[in-house]
There are 2 protein chains.
Amino acid sequence: MAPRILDRSLIRGFELFRDMTEDNLDAVLTTVQVRRLAPGDTVFEQGEAAREFFVLLNGHLKVMQITKDGQQVVVRHVHPGDVFGIAKAIKRNDYPATAEAVTESLVLAWSASQWQDFVALNPALAVNALEAVGERLHEAHTRIRELSTEEVERRVANALLRMVRKAGTATEDGMLIDFPVTRQDIAEMTGTTLHTVSRLLSGWQDQGLVKSARRKVTVTNVDRLKAIADQT
Amino acid sequence: MAPRILDRSLIRGFELFRDMTEDNLDAVLTTVQVRRLAPGDTVFEQGEAAREFFVLLNGHLKVMQITKDGQQVVVRHVHPGDVFGIAKAIKRNDYPATAEAVTESLVLAWSASQWQDFVALNPALAVNALEAVGERLHEAHTRIRELSTEEVERRVANALLRMVRKAGTATEDGMLIDFPVTRQDIAEMTGTTLHTVSRLLSGWQDQGLVKSARRKVTVTNVDRLKAIADQT
DNA sequence: CGTCCCGTTGATCCCTATCAAATGTAGTGG
DNA sequence: CCACTACATTTGATAGGGATCAACGGGACG
């Protein structure tokens, strides 16, 4: 049975495939594999041989590095439309981190060996990937600056604001981060402990800046949280 | 008078230009500008419009971000052969950081608008740039992990080892970092203060791990410093 | 309905920033 | 060539932000 070709419209809007012709999109889609992930499933793990690269169709992933003594650091979040796991494209043979589903997710997977073929077919792909990686590099530098110079309170405020920006949905209470987040997660994103995050959120909740429940955070007053993030 | 074309051999060895034909190399060199920098000179400054991109011919640069309250964070060092300031290629209109010469340096500069032309001429350029940026992203993630989970002592040890790896020359005392480094510089690379760095270096000097003078550091016992960097 | 996971809150301690001051070193101009 | 100055480094004293240790409360899910 011939593989059913996914509809082009699924991926047409994605930055990575910008400017691709219909034919090229179809060519790319003939070899794609779609994979469903339950929360907690991993797409790949740190140190594993990089056999594939991916685009997130929907859902949410977190990418993390694990230290020798088992501490986890969340390196970034993957949102729908993002490429990830392009280790091969950047001359690595293994994945430098682990990608884990936070919510139920759908992932598009291609064999890493096809990357070169796709680029040959459509050189703009490398340009688009360069843009994506460049933006992430900039974000990484911003985090380095925060970790180096800012106190925990500001870092946590910034992390919340960033999540709201990338994955916030308006509710009557305010901006809800629309995927599950634990205190531990926020701690791993900001280089602190879940205890400190818990204390901060409790304090902010008392002041009416946020509202939080189990694995759920809503920012009720974005401006005042920004004021904390920007405090000089 | 026709501009004198620089010799191809100058840049042939650079990763960015890998796989380029002689003709393409010549084409690229016809529009290059060479710029000499004295220590302390900047190539570009944070926030400035990104009109050019660069390759370092020789010397050493540091790239830093400056916070609103004036603190500096060293984002990375530029070594000969590295591309830098490719803001435009990653869809930014301004430079996100400041690049300053640490030693006397020679820089090759091209108008940013030529980036697209060069890529059209030679698509491998985008692939090579992607590799370079990807590697930097990986380094940035490593630093994020260090800043999040490791104590100052290990971070400083790692920073020294990294400088030795990238710019170390063997001397009779050990591995000398072959560009001027102050305590302040190391502090800005590791998210600590010059006082703490000074205390650490003094301690290590007493134990015979390093030897340091004004703006100069030599690692005399790489293995024992590695042990500190790796301590679990 | 018990168990696991997540969150809260208190008490304590220590790493490292901060404050302060002195010493050393290179460079400069008279 | 020396006095003067600017910068780099060292070292001590102190304080405080957060990590760590500890214990408990509460909701979700099998």
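Numbers restart at 1 for each chain; the letters A, B, ... are given by sequence-line order, proteins then strands.
- Both B:H195 and A:V152 sit near DNA chain D, but only B:H195 has its closest nucleotide nearer the 5' end.
- Backbone-only contact: B:R215 has heavy atoms under 4.0 Å from sugar-phosphate atoms and none from a base.
- In terms of position along DNA chain C, the nucleotide closest to A:A213 lies nearer the 5' end than the nucleotide closest to the other residue of the pair A:A213 and A:R199.
- Counting only distance, with no hydrogens or angles, the side chain of A:T190 and the backbone of A:I186 share a donor-acceptor pair below 3.5 Å.
- No donor-acceptor pair closer than 3.5 Å links the side chain of B:T220 to the backbone N or O of B:G174.
- Chain B approaches DNA chain C over the interval C:dT16 to C:dA26, counting the first and last nucleotide 5' to 3' with an atom under 4.0 Å from its heavy atoms.
- Rounded to whole angstrom, the span from the CZ atom of B:R214 across to the P atom of D:dC7 amounts to 10 Å.
- Neither side chain, A:D173 nor A:T171, offers a donor N or O lying under 3.5 Å from an acceptor on the other.
- At distances below 3.5 Å, not a single donor-acceptor pair connects side-chain atoms of B:S105 with backbone N or O atoms of B:L37.
- For the pair B:R143 and B:R162, the minimum side-chain heavy-atom distance is below 4.5 Å.
- A:L194 places its CG atom 17 Å from the P atom of D:dA23, with the value rounded to the nearest Å.
- Rounded to a whole Å, the CD atom of A:E151 is 12 Å from the P atom of D:dG16.
- Between the side chain of B:R145 and the main chain of A:V75, no donor-acceptor pair closer than 3.5 Å is present.
- Nearest-nucleotide positions on DNA chain C place A:T182 closer to the 5' end than the other of A:T182 and B:E150.
- Separating the CG atom of B:D185 from the P atom of D:dT9 is a distance of 8 Å, rounded to the nearest angstrom.
- Looking at heavy-atom distances under 4.0 Å, B:S202 makes contact with sugar-phosphate atoms alone, never a base.
- Listed by first and then second residue, the salt bridge (charged side-chain N to carboxylate O under 4.0 Å, His left out) pairs that reach into residues 215-225 of chain B come to none, sequence neighbours excluded.
- Regarding B:I186, its CD1 atom lies at a distance of 13 Å from the P atom of D:dA8, rounded to whole Å.
- A sub-4.0 Å separation between OP1 or OP2 of D:dA19 and a side-chain N or O of A:T196 is present.
- Backbone-only contact: A:R183 has heavy atoms under 4.0 Å from sugar-phosphate atoms and none from a base.
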